[in-house]
Amino acid sequence: MKKLSDKNSEKLQQRVLKNAIRVLGNQSSLIDFSSNDYLGFAKSETIFHRIHQFLIDNNIKQNGATGSRLISGNHILYSKVEGFLSNFHESESATIFNSGYDANIGFFSSVPQRGDVILYDEFIHASIRDGIQLSNAKSFKFSHNDLENLEERILHFINNENSDIYVVTESVFSMDGDSPDLVKASEICKKHNAFLIIDEAHAIGVFGKNGCGLIQQLNIQNQVFARIITFGKALGCHGAAILGSQDLQNYLINFARSFIYTTGLSPHSLATIQMTYNEMINESSSFDQNHILNSNIDYFLKEIKRLNLNFIASHSTIHCCVISGNKKVKLIAEKIQKNGFGVKAILSPTVPENKERLRFCLHSYNSKQEISEVLELLSNFVK
Ligand SMILES: Cc1ncc(COP(=O)(O)O)c(C=O)c1O
């Protein structure tokens, strides 16, 4: 087989030298403090059986979508699930993409136009960055969660009449777990007529009534131009949707290349999205899972205070303890893993150098005892 080019080999070697080489591992049997399966839906047998039953009851015996949604792949479940999502999330339209990555690439590569300006939080997710890279618009970052800096940037670019301004941030940051002041962000955007886009990947299922997300919890859904919601986190399955106006949906269907030039999701995937939502909005079970999840978040916060541990401030499922240096953070992660806890080190270049961290994801199925034990281990290893 032909070998990698010298340039590619050199890049891999650099990763090794920087202690940043990525390798695939098997799914571990360690106590889960790293997955995005916040409510335990990904492994729910009840949901698994309901999906099967739903497909049987609706006489859907088709394995694949058969093509792009614009050619042959737009099977009946798409309109049902999109109708449900727009209703539940109080939006004019919901447009399903194959993943959150595809949704962000599709949106940012197609909506902002040449001459427009995209202002993005410096810690924005890679999928948004990649979408911005594909856009003809100019882009500039603002300091993390710093809305004064955002407004200064808007004022700097606002003079040009032909230039629309797009502002993008996350309601829960994937690598920090923190949130911007979203009400203030929406007021600033309204005041300056900027288009606000919020990625809600890590807020769905965690915040808001029945897990509807932080934007609806704050009742600012009508101030936001577009929301990106994803189903691979708390919903425990796969896919994503862009919520916005009917015009936005028409636009995306016509111009978002990651929507157009790809095979649609299978009926099974759509049924899975619907069944996981049904579980989330089922008053008794969603109350249980969401309630336990939130009490675990409170407990985790109390424990880090008790142990005097230094974490990035967060009220979400994601909590990070910064331990500078890939080598050091990897070593501590390995020690904790040896004690049975699946905690992951997040290395540079995924996060900036010196901001390497141990990232704890909390779930409804973590026990209080597990939380105390893993934090006590961390406390022993960092002191
Ligand atoms: C904030 C954010 N947006 C988008 C994505 C991409 O979503 P998906 O995993 O569905 O491609 C992720 C996942 O890592 C994320 O954390």
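Both counts, for ligands and for their atoms, begin at 1 and track the order of listing. Note that the numbering runs from 1 along the sequence shown for the chain.
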**OP:** Would you list the pairs meeting ring-ring contact (aromatic ring centres under 6.0 Å, His included) in which at least one residue belongs to residues 180-210, sequence neighbours left out?
**Re:** Tyr166-Phe195, Phe195-Phe225

Original post:
Is the closest basic N to carboxylate O distance between Glu122 and Lys355 below 4.0 Å?
Top reply: no

**OP:** Run through ligand 1 for me and note each protein residue having a heavy atom under 4.0 Å from it, chain first, then residue number.
**Re:** Ser99, Gly100, Tyr101, Asn104, His125, Ser127, Glu170, Ser174, Asp199, Ala201, His202, Thr230, Lys233

Subject >> Among Gln216, Gln221, Glu200, the one residue meeting side chain to side chain donor-acceptor pair (under 3.5 Å) with Arg227 >> reply: Gln216

Subject >> Within residues 329-361 or reaching into it, pairs that qualify as ring-ring contact (aromatic ring centres under 6.0 Å, His included) - sequence neighbours excluded >> reply: Phe300-Phe360, Phe311-Phe360

Original post:
For the residue pair His75 and Tyr78, does the interplanar ring angle fall in the parallel (under 30°), tilted (30 to 60°) or perpendicular (over 60°) class?
Top reply: tilted

**OP:** Sequence neighbours left out, what pairs pass ring-ring contact (aromatic ring centres under 6.0 Å, His included) with at least one residue falling in residues 112-133?
**Re:** Phe123-His144

